[in-house]
Amino acid sequence: MAIPNARKFRISGPDGQFATIVAVLPKGADVDGYLKDASSRFDWKAYTESQQRQFKIRVGQQKQKKAK
């Protein structure tokens with residue numbers, strides 16, 4: 001079940017990275033001010049580390065042969 005008034009916003013980091021956040025803003029809220037504040041408070045270091053862990057490249061794996 002989805003929240004009906006949740007909107008996705010794409011924020012950019014200091015190193016040119018992009019992240020997507022989901023927020024529910026009240027009517028008449030300053031969207032640009034919110035996004036500026038959210039991008040300054042976003043933990044870009046932890047986000048980068050989680051992305052690297054998620055897409056970790058495995059090197060040197062070989063298929064195991066069945067022993068008969």
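Numbers here are sequence positions counted from 1. Values reported hereafter were calculated over all heavy atoms of this structure, with side chains retained and with hydrogens, waters and symmetry mates removed.
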Begin from the C-alpha positions of I11 and F42 and carry the test side-chain contact (heavy atoms from CB on, under 4.5 Å) through to its verdict.
CA-CA 9 Å; I11 58 174; F42 193 78; 4.0 Å; yes
Which distance, rounded to the nearest 0.5 Å, do you find between the CG of L25 and the CG of N5?
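Here the rounded value is 9.0 Å.
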With sequence neighbours excluded, residues passing side chain to side chain contact (heavy atoms under 4.5 Å, CB included) with D30
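With sequence neighbours excluded, D30 shows a side chain to side chain contact (heavy atoms under 4.5 Å, CB included) to D32, given in chain and number order.
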Among residues at least two apart in sequence or on other chains, which ones pass salt bridge (Lys or Arg N to Asp or Glu O under 4.0 Å) with R41?
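Applying salt bridge (Lys or Arg N to Asp or Glu O under 4.0 Å) to R41 gives D37.
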For V22 versus A6, what's the shortest heavy-atom pair and its separation?
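V22 and A6 have their closest heavy atoms at CG1-CB, 3.9 Å.
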Looking only at the side chains, is there a donor atom on one of S12 and Q17 sitting less than 3.5 Å from an acceptor on the other?
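The criterion, which ignores hydrogens and geometry beyond distance, is not satisfied for Q17 and S12.
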Test ring pair (Phe, Tyr, Trp, His ring centres under 6.0 Å) applied to F9 - qualifying residues, sequence neighbours left out
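Applying ring pair (Phe, Tyr, Trp, His ring centres under 6.0 Å) to F9 gives none.
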Is a donor on one side and an acceptor on the other found under 3.5 Å between the side chain of W44 and the backbone of D15?
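Answer holds: no.
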